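Read through the structure below, which is laid out as structure tokens, and then see the notes.
A quick note: this is a predicted structure, and the numbers were derived from the prediction, not measured.
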Amino acid sequence: MADEPLVLGIETSCDETGVGIVRGTTLLANAVASSVDTHARFGGVVPEIASRAHLEAMVPTIERALEDAGVSPRDLDGVAVTAGPGLAGALLVGVSAAKAYAYALGKPLYGVNHLASHICVDQLEHGPLPEPTMALLVSGGHSSLLLAPDITADVRPMGATIDDAAGEAFDKVARLLDLGFPGGPVIDRLAREGDPEAIAFPRGLTGSRDPAYDFSFSGLKTAVARWVEAKRKAGEEVPVRDVAASFQEAVVDVLTRKAVRACKDQGVDHLMIGGGVAANSRLRALAEERCERAGIRLRVPRPGLCTDNGAMVAALGAEMVARNRPASDLELSADSSLPVTDPHVPGHDHGHDHLHEISKENLYP
């Protein structure tokens, strides 16, 4: 609908420069420039390299998104950007770009939360989010269970990882098996040819006295390392596919078990799964199986919307505009540890007024 808010979203929390354009809950463009290949030889993301890659990719990626969407910058109703959490230097590139565009166009600026954006992106796939929404977010930096009565103003942490996040564990196990970086896709592929019951790897924090919704994958990673080391010391061949399948099964077993339990305990009849690890085929299959058995509706965006992207930021920004949430000031800064309880960073009243004054100056040609 033409009267729905048209918002540009910028995401630079890690190694991907994402720019999305959304009208209401309709995705118009989702341009991504990734520097993952540059980081691969280091076995992980190098913050300085990521920041420089964002600087180089920012303007071309924004221009590509505008062209793909077939809209003019002046048509926008707002500019949204990931203000945190994430890598400080990488975040600053995106925030600086968003402020420049908002200033030049005289449009309101919305600094939004990376994790809340991962939840809101599902609106682009399956329509408006139920309220409340129960979300399982799994990525290289986060493994969290969140309850969101209002994605723009009220997001409540139910549980989180106490050490390695799920995606981080995938990367470390892949490195251990000499499978390269990132580890998630290759382990997922190899696991399809392995036996998930071949090795009895531990399920962290699943005892009766353990926290109900928290996660721990450090012990699992160590167990895999010790098992592989023992095989190598004995001069035996490591069954890589079985290791991958058994490790993956241990991760997704815990994730889905705790997520379904949270839904039952909180009386929520649906579950949304987001974040890069949500692209894992076994996680999707086991979640669907367990949710169906429990009478819970499962919502998982397509893989391209699960990884970091600008569309998710634009989706949350559009929701902010639609619900008349206060815009951010031009003094907005990046916050690498922005808590999920802050879905966005509201500014003071003068910030919004100042932007309206700027719009009269026609700064953007």
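- Annotation: side chain of Leu205 is in contact with side chain of Ile162 (closest heavy-atom distance under 4.5 Å).
- A ring-centre distance under 6.0 Å is found for Phe170 and Phe247.
- The pair Glu168-Lys172 meets the salt-bridge criterion, since a charged nitrogen lies less than 4.0 angstrom from a carboxylate oxygen.
- Taking the six-membered ring where the residue is Trp, His114 and His142 present tilted rings, their angle falling between 30° and 60°.
- In this structure, the side chains of Asp163 and Ser216 come closer than 4.5 Å at one or more pairs of heavy atoms.
- When side chains are defined from C-beta on, Thr17 counts as touching Met58, because their heavy atoms get closer than 4.5 Å.
- Ile187 has its side chain out of reach of Asn280: every pair of non-hydrogen atoms, C-beta onward, lies at least 4.5 Å apart.
- Atom CD1 in Ile62 sits 4.0 Å away from atom CD1 in Ile10 (nearest 0.5 Å).
- In this structure, Glu288 does not pair ionically with Arg284, as no charged nitrogen and carboxylate oxygen lie closer than 4.0 Å.
- A salt bridge links Arg323 to Asp150: at least one charged side-chain nitrogen sits closer than 4.0 Å to a carboxylate oxygen.
- Heavy atoms of other residues, nucleotides or ligands lying less than 6.0 angstrom from CD of Glu131 number more than 12.
- Residues passing the side chain to side chain donor-acceptor pair (under 3.5 Å) test with Glu197: none are found, sequence neighbours excluded.
- Between Leu271 atom CG and Arg297 atom CZ the span is 11.5 Å, to the nearest 0.5 Å.
- The shortest side-chain heavy-atom distance between Ser144 and Val340 does not fall under the 4.5 Å cut-off.
- The local environment of CD in Glu193 is crowded, with over 12 non-hydrogen atoms from other residues, nucleotides or ligands closer than 6.0 Å.
- Ile151 contributes atom CD1, which lies 7.0 Å from atom OG1 of Thr133 (distance to the nearest 0.5 angstrom).
- Looking at heavy atoms from C-beta onward, Lys221 lies out of side-chain contact with Leu176 at the 4.5 angstrom threshold.
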With side chain to side chain contact (heavy atoms under 4.5 Å, CB included) as the test, would you mind laying out the steps for Arg232 and Val238 before giving the verdict?
-> CA-CA 7 Å; Arg232 288 172 175 166; Val238 176; 3.8 Å; yes
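- Within a 6.0 Å sphere centred on CD of Glu289, heavy atoms belonging to other residues, nucleotides or ligands number more than 12.
- Classification of Arg64 and Asp68 as a salt-bridged pair fails, no side-chain N sitting under 4.0 Å from a carboxylate O.
- Looking only at side-chain heavy atoms (C-beta outward), Leu190 and Val240 come within less than 4.5 Å of each other.
- When side chains are defined from C-beta on, Leu136 counts as touching Leu145, because their heavy atoms get closer than 4.5 Å.
- Of the inter-residue distances, the one linking Met312 atom CE with Leu27 atom CG reads 13.0 Å to the nearest 0.5 angstrom.
- Atom-to-atom distance recorded for Lys258:NZ and Met158:CE is 12.0 Å, nearest 0.5 angstrom.
- Here Arg290 pairs with Asp253 in a salt bridge; the nearest charged N to carboxylate O distance falls below 4.0 Å.
- The CD atom of Glu11 lies 11.5 Å from the CG atom of Leu316; values are rounded to the nearest 0.5 Å.
- The pair Glu236-Lys231 meets the salt-bridge criterion, since a charged nitrogen lies less than 4.0 angstrom from a carboxylate oxygen.
- Of the N and O atoms on the side chains of Glu331 and Ser333, not one donor lies less than 3.5 Å from an acceptor on the other residue.
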